[in-house]
Student: 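Got a structure for you, written out below as structure tokens; questions coming shortly.
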Amino acid sequence: MIETILDNDLYKFTMQQAVCRLYPKARVRYELTNRGRTPFPSGFDGLIKDRVARMAGLGLTRDERGWLEKACPYFTKPYLDYLSSYRYDPDQVEISQQGHTLWVRVAGPWRRTILWEVPLMAIISETYFKVTAPDILSRQAIRKRNQTKAQLMSNAGLTFVEFGTRRRFSAANHAHFLEDVLSLDHHGMAGTSNVHFARIYGLAPVGTLAHEWIMFHSALTDYATANAAAMDAWLKVYPDVLGIALTDTFTTKVFLKAFTRDRANLFSGVRQDSGDPEIFIRDMISHYREKGIDPAAKAIVFSDGLDVERAIKIHKFCRGQVKDSYGIGTNLTNDVGVNPLNIVIKLSWVEPEPGMEGRSTVKLSDDPGKHTGDPGELLHCRKALGL
């Protein structure tokens, strides 16, 4: 189901380059969280192990590298050399099952384990639906849904990016969605987070950084300074591109304390991934104005479990106040008549460099339902931040 190393989200590669440059000796651990408490069928772990083992043979081809050089000029030659030699190591992935509960853990050097998250989730999702074989809509009905969504967003003047790799129904359905939308004269799709499909369909690959980047810096420094350290480190690698900051790793309230005038000027915008979008818009506009920055010159990327109706509502609220775009995932690539899985794989432990004590990592979202990590560490994080 994963047939190329590029079948992954762009931000895994942009972060991998940053890790290789700044933190090449860091070691980490990731763990699966089954937010939806989906029961997995007996023997499911064996199927996942088999699919993971097959990924060991994937490598960047010459044609793929040539395309990356043109489509992603911020990737340096040393990084592309590294990626060309990179191979997935299935021994880094521990998979087990107890009853209907699936356990997945990834551990090893951060620069090597960072690419596992998204394809692992895609494999779990697609395998689950293959095994359970639910009744789904016809191809014709799915095409109609896909095109109707794109037309509604286009008619509303809304620009969106497809973000649906990790919880897609299948790789085939993912491709079908893109084909259905691209067949329209007007669709409003500005790109895809999936690097492979960007290459195949001539789309812009889109992505910057994920929560793990800030979570890592909380272990490197502390919770109070993690956002500042993470932004400053990102700017060392990408001083004038990929400038969308992520706000909700330890709540937006805490992020804004670190989002000084200088940093707010250097980043082209922010991404909203939890909480109330209208409150977020007001808070960001107010923050920019307090810093003497025109909010209309900045962008907000919305990516919090969006569907078309919600995106259009947010777009109407943004109009005339701030630039807005939308990363829509599961609702585009897994809307075939089933209930998608609600799973995440998050960073859970970090050893920033040899000799430093390893530390648990957590994510303290603007939405309590999206908190991840050890409950005791979450409590410690809240106390440390005065929340």
Side-chain angles (χ1 to χ4, degrees), residues 4-24 26 58-86 109-119 159-163 165 189-217 227-247 249 259 262-271 273 297-301 303 323 325 327:
T4 165
I5 196 172
L6 295 187
D7 191 1
N8 206 330
D9 282 346
L10 179 65
Y11 71 4
K12 302 306 293 190
F13 298 105
T14 56
M15 287 190 296
Q16 186 183 46
Q17 174 170 255
V19 171
C20 287
R21 176 173 166 182
L22 300 179
Y23 310 114
L58 299 179
L60 190 70
T61 69
R62 183 179 297 179
D63 287 346
E64 287 172 336
R65 175 172 177 151
W67 178 84
L68 283 174
E69 290 171 348
K70 295 176 182 178
C72 307
Y74 39 80
F75 286 147
T76 65
K77 183 181 184 299
Y79 171 65
L80 291 176
D81 288 343
Y82 174 79
L83 188 60
S84 295
S85 66
Y86 178 92
W110 193 19
R111 61 190 170 83
R112 297 202 58 79
T113 55
I114 194 167
L115 295 188
W116 277 112
E117 175 199 352
V118 173
T159 297
F160 75 96
V161 174
E162 178 273 305
F163 270 17
T165 304
M189 184 165 62
T192 173
S193 63
N194 187 288
V195 183
H196 168 62
F197 285 127
R199 175 175 176 260
I200 295 300
Y201 294 109
L203 292 165
V206 179
T208 52
L209 57 89
H211 294 102
E212 69 179 280
W213 185 254
I214 301 97
M215 293 165 74
F216 170 84
H217 285 85
N227 281 298
M231 283 188 278
D232 292 345
W234 191 254
L235 289 167
K236 288 180 182 178
V237 183
Y238 303 108
D240 50 14
V241 292
L242 306 178
I244 298 294
L246 184 54
T247 65
T249 309
F259 204 44
D262 286 346
R263 294 190 183 105
N265 271 318
L266 289 169
F267 281 87
S268 57
V270 295
R271 177 157 71 93
D273 198 51
K298 296 296 182 177
I300 300 178
V301 179
S303 61
K323 298 175 185 177
S325 63

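Because the structure is predicted, anything quoted here is derived from the model rather than measured.
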Student: So, taking the atom named CG in L246 and the one named NE2 in H211, what distance separates them when rounded to the nearest 0.5 Å?
Tutor: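 If I round to the nearest 0.5 Å, the distance is 4.0 Å.
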Student: What I'd like to find out is whether the side chain of K12 reaches to under 4.5 Å of the side chain of W116, using heavy atoms alone.
Tutor: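 The answer is no; the side chains never approach within 4.5 Å.
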Student: Do the non-hydrogen side-chain atoms of T165 and N8 ever get within less than 4.5 Å of each other?
Tutor: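 Heavy-atom side-chain distance check fails, nothing below 4.5 Å.
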Student: Quick one, Y86 and L58 - any side-chain contact, counting heavy atoms below 4.5 Å?
Tutor: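 A side-chain contact is absent here, since even the closest heavy-atom pair is not under 4.5 Å.
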Student: To the closest 0.5 Å, what do you measure between CH2 (W213) and OH (Y11)?
Tutor: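 Spacing of CH2 (W213) from OH (Y11) equals 14.0 Å.
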Student: Please, which pairs that meet side-chain hydrogen bond (donor to acceptor under 3.5 Å, both in side chains) have at least one residue in residues 232-245, sequence neighbours excluded?
Tutor: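 Sorted pair list: Q17-Y238, D232-R263.
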Student: Give me the atom names and distance for the closest heavy-atom approach of R271 to T247.
Tutor: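 It is O-OG1, 3.3 Å.
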Student: Are the side chains of L68 and L6 in touch, meaning some heavy atoms are under 4.5 Å apart?
Tutor: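 Of all side-chain heavy-atom pairs linking L6 with L68, at least one is under 4.5 Å.
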Student: For the residue pair I214 and A210, what are the closest heavy atoms and their distance?
Tutor: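 Of all heavy-atom pairs spanning I214 and A210, the closest is CD1-O, 3.7 Å.
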Student: Once the angle between the rings of Y23 and F216 is folded into 0 to 90°, is it parallel (under 30°), tilted (30 to 60°) or perpendicular (over 60°)?
Tutor: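 The arrangement is tilted - the two ring planes meet at 30° to 60°.
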Student: With side chains defined as the heavy atoms from C-beta onward, is the minimum distance between V118 and N194 less than 4.5 Å?
Tutor: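 A side-chain contact under 4.5 Å is absent here.
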Student: Assess whether side-chain contact (heavy atoms from CB on, under 4.5 Å) is satisfied between N227 and F259, documenting all intermediate values.
Tutor: CA-CA 8 Å; N227 281 298; F259 204 44; over 6 Å; no
Student: When you measure from the side chain of T159 to the backbone N and O of S325, does any donor-acceptor pair fall under 3.5 Å?
Tutor: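 No.
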Student: Please answer whether the main-chain N or O of N265 pairs with a side-chain N or O of K298 as donor and acceptor at a distance below 3.5 Å.
Tutor: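 At least one qualifying donor-acceptor pair exists.
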Student: If you take all heavy atoms of W67 and L203, which pair is closest and at what distance?
Tutor: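 That closest heavy-atom pairing would be CZ2-O, 4.4 Å.
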Student: I would like to know whether T61 and T4 meet side-chain contact (heavy atoms from CB on, under 4.5 Å); could you show each step before the answer?
Tutor: CA-CA 9 Å; T61 69; T4 165; over 6 Å; no
Student: Taking side chain as C-beta onward, heavy atoms only, is D9 less than 4.5 Å from F163?
Tutor: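 No; the side chains remain at least 4.5 Å from each other.
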Student: Give me the atom names and distance for the closest heavy-atom approach of L60 to S84.
Tutor: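 Closest approach of L60 to S84, heavy atoms only: CD2-OG, 3.6 Å.
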Student: Hey, what do you get for NE2 (H196) to OH (Y201), rounding to the nearest 0.5 Å?
Tutor: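 The distance works out to 7.5 Å.
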Student: Taking side chain as C-beta onward, heavy atoms only, is F75 less than 4.5 Å from Q16?
Tutor: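 SC-SC contact between F75 and Q16 ruled out.
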Student: With heavy-atom distances below 4.5 Å as the criterion, would you say the side chains of L242 and M15 are in contact?
Tutor: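 Side-chain contact under 4.5 Å: no.
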